[in-house]
Every structure is written in C-alpha cells, then in structure tokens.
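Worksheet: the structure to be examined is printed underneath.
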Amino acid sequence: MTIYLLPADDARKPGDLNDPSQDAGEPAEHDLNPPCVLVFNASDPSGAGGLGADALAMGSVGAHILPVVTGAYARDTAEIFDHFPFDEEAIAEQARAILEDVEVQLIKVGFAGTTEALSTIAETAADYPEVPVVAYMPNLSWWDENLIEPYLDAFRELVLPQTTVLVGNHSTLWRWLLPDWNGDRPPGARDIAKAAGEFGVPYTLVTGLMLPDQFIDNVLASPQSVLASEKYERLEAVFAGAGDTLSAALAALLASGTDLVAATTEALAYMDRCLDAGFRPGMGHVLPDRLFWAEPEPEEGDDDPDAPPDFALPPHDTRH
C-alpha cells in the first residue's frame, strides 16, 4: 500500500492520499525550491528540542522551516525549569504574516504553551484544510500539573481534528489518550491509533515500544491497521530531543512529497543515525547530532596522538 500526503505537482491537493499523477512536463520554477514547513514551537536554548531542533532536522532532509515562536523554555541539557509563553495574538501575527507571502506544503505543531495558543494554531490550520498537519506531543511531566490537563484537553479537542499524523512516545500517548486502559497488556500502537482516530486523526506514529533483548519498536498505525514497523537496538545513553528530531524529519519528508510509509521509515532511520552520533555539550543528557552527515570522514593518520592540534576551520562542504 502506498499512501501519499502531498502532491508531486499542481494536479492534486496536498491532502489527497492517492498516488501522485506523473506529468512529463518541465518542472515549474517554484518546484525547484525546497518545500516550506510552517512550524509552531518554543525556543529551546539548549538546542535539544524546540525550533532549533526543527530547523536543523528539516534542513538536513531538504525542507525550509518557517518558524513561529510560541514561547521560550528555560532549560539546560538535563531538564526543563520553566516555559514563558507568547501571547496568542503574537503567535497569530507571526503565522499570518508569513502565510500571506509563502505557500506552505505542511504545518507542524510542537509545544504551544497555552490553551489559547492551541486555539490560534487550530484556527490557522482550519484556514488551510488542504495542508497536512504533523503534530508532536512531547513528555510534559516537567510542567505544572495544573497546566497539563487543560493543555492536553485543548490539544485533543482543537488540534487533533486538524491533525494528519500524530507523533509521540508510547507512554506519553498511552497516558494521554487511554488514561483508563485496564487491559491485561499495555495498549499497542493500533489501540492508540484507534483512540486518536476518535478525534479525527488518520495516522499515528508511536515510538518507544519496549521489546525483548534491548530493542525498541516504532510503529505507524491507522485505526484499521499497522502500516509500518521499525525496530532499533536500545542505546545506553539518555537522550533529549529524539522526538523533536523524528517529528521534524517526518514533516520535512512528507512536505517533499514522500509517501507516508517511506517517509516514516526514512525519518526513523535518520533519527537513529542522529542518536548514534549523539554528543553531550553540557553536564546533562546526550543530544542528537542532526548534522552527522556533514562530519568529514576520518583519514588515515588522524588518530596520531603526537600530531599537533589543528585549529583551522573546516571547509564548508555542507551537502543538501
């Protein structure tokens, strides 16, 4: 089964899930530009997540980010201490200004910070019903308990009906969408997809399902079936920003016209490579290296301990 979310040309709408038509004409000038993704998310000074992570991941897989700042975290690489939300009118003005100028292929929703901001984002998405929406639900356990429940309720009622693909960790989505689950086993990806489907979400990407022998499964499902499943060996390090990396890469690939199953597989492989090349810039968690592909290949003799240090700037060989 092949599922497409975005058009290969102007012959069909982005929301059409059928195979793209194949026209043999020369590409229009705008087709040579990278796809543009409107992203609602917070600023993260650690670079673990937020708009900085979105920008790096999307740029790495060939999309151009249109970042709308919803607020700012106060955090380091170990934990989030606080969040300072933007006024919803400021969020709306940012989105309105760029949408009047640039055609977007996809909208991505990260952490909005307030129920009012979620309402603004939902209204924006509703104004562009042909544009798919990728929504990422992060772990909110760091936040004030009095703020979490109304935020989750608003996200469920306002944003999920606009969402094409919901992305989140298994435990996060389980606690949110199936709080009264009392089965003999934990809910599977399809159980969570069915719960999301009750609010209009056609596809859900559930990450972090624990498997035996130190493996983790990541499953794309609809309420009717499992569409894709990719497992990876669990890494020993504790990471910050894996979910932001995955959801951003998925959004960029879908915006590029890649079909849903292939985009999911490629985004998961990209995230795995980012984690494998992860680095620790501070005293906290390991961050994904979203530019792992830009690192120069080691040459023979590079590991000579007696070689003098090279302080020259590396050549600019970024590959898009």
If you look at every heavy atom in [X] and [Y], which pair is closest and at what distance?
{"X": "Phe155", "Y": "Gly110", "result": "CE1-O, 4.3 Å"}
{"X": "Ala277", "Y": "Asp289", "result": "O-CB, 3.3 Å"}
{"X": "Thr77", "Y": "Gly284", "result": "OG1-N, 3.1 Å"}
{"X": "Ala53", "Y": "Ala48", "result": "CB-O, 3.8 Å"}
{"X": "Gly197", "Y": "Pro223", "result": "CA-CG, 4.0 Å"}
{"X": "Ala196", "Y": "Thr204", "result": "CB-OG1, 3.6 Å"}

Any link between [X] and [Y] through a network of hydrophobic side chains (Ile, Leu, Val, Met, Phe, Trp, Tyr) touching at under 4.5 Å?
{"X": "Leu147", "Y": "Phe84", "result": "no"}
{"X": "Val226", "Y": "Tyr203", "result": "yes"}
{"X": "Ile192", "Y": "Val261", "result": "yes"}
{"X": "Ile216", "Y": "Tyr270", "result": "no"}
{"X": "Leu287", "Y": "Leu235", "result": "no"}

Look up atom [atom1] in [X] and atom [atom2] in [Y], then write down how far apart they are to the nearest 0.5 Å.
{"X": "Asp82", "Y": "Trp143", "atom1": "CG", "atom2": "CH2", "result": "10.5 Å"}
{"X": "Asp76", "Y": "His285", "atom1": "CG", "atom2": "NE2", "result": "8.5 Å"}
{"X": "Thr70", "Y": "Asp87", "atom1": "OG1", "atom2": "CG", "result": "12.5 Å"}
{"X": "Tyr73", "Y": "Asn41", "atom1": "OH", "atom2": "CG", "result": "6.0 Å"}
{"X": "Leu66", "Y": "Glu103", "atom1": "CG", "atom2": "CD", "result": "11.5 Å"}
{"X": "Tyr136", "Y": "Thr207", "atom1": "OH", "atom2": "OG1", "result": "7.0 Å"}

side-chain contact (heavy atoms from CB on, under 4.5 Å) evaluation trace for Tyr232 with Met271
CA-CA 11 Å; Tyr232 294 93; Met271 180 190 68; 5.8 Å; no
Distance-only, no hydrogens or angles: does the [X] side chain make a donor-acceptor pair with backbone N or O of [Y] under 3.5 Å?
{"X": "Arg96", "Y": "Glu100", "result": "no"}
{"X": "Asp54", "Y": "Ala57", "result": "no"}
{"X": "Ser43", "Y": "Ala72", "result": "no"}
{"X": "Gln94", "Y": "Val69", "result": "yes"}
{"X": "Ser119", "Y": "Thr115", "result": "no"}
{"X": "Ser222", "Y": "Gln224", "result": "yes"}

Would Val68 and Ile121 count as a side-chain contact (heavy atoms from CB on, under 4.5 Å) if you check the C-alpha gap in whole Å, the side-chain angles of each, and the deciding distance to 0.1 Å?
CA-CA 10 Å; Val68 175; Ile121 292 169; over 6 Å; no
Phe111 and Tyr151: ring pair (Phe, Tyr, Trp, His ring centres under 6.0 Å), yes or no, with the steps?
CA-CA 10 Å; Phe111 184 58; Tyr151 182 86; 5.3 Å; yes
Kindly determine whether Asp217 and Ser229 satisfy side-chain contact (heavy atoms from CB on, under 4.5 Å), including the steps that lead there.
CA-CA 7 Å; Asp217 203 7; Ser229 176; 2.9 Å; yes
Would you say the side chain of [Y] lies within less than 4.5 Å of the side chain of [X], judging by non-hydrogen atoms?
{"X": "Thr124", "Y": "Leu99", "value": "yes"}
{"X": "Phe199", "Y": "Thr163", "value": "no"}
{"X": "Arg75", "Y": "Pro45", "value": "yes"}
{"X": "Arg175", "Y": "Asn139", "value": "yes"}
{"X": "Ile107", "Y": "Phe40", "value": "yes"}
{"X": "Val131", "Y": "Leu38", "value": "no"}
{"X": "Met210", "Y": "His170", "value": "no"}
{"X": "Val134", "Y": "Thr164", "value": "no"}

Answer with yes or no whether the side chains of Arg290 and Thr245 bring together a donor and an acceptor at under 3.5 Å.
yes
Crowded around Glu89 CD? As in, over 12 foreign heavy atoms under 6.0 Å?
yes
Hey, is Asp191 close enough to Arg185 for a salt bridge, meaning N to O under 4.0 Å?
yes
Sidechain N-carboxylate O distance under 4.0 Å for Arg156, Asp153:
yes
Would you sort out whether Leu152 and Met137 count as a side-chain contact (heavy atoms from CB on, under 4.5 Å), showing the intermediate values?
CA-CA 9 Å; Leu152 292 177; Met137 177 54 68; 3.7 Å; yes
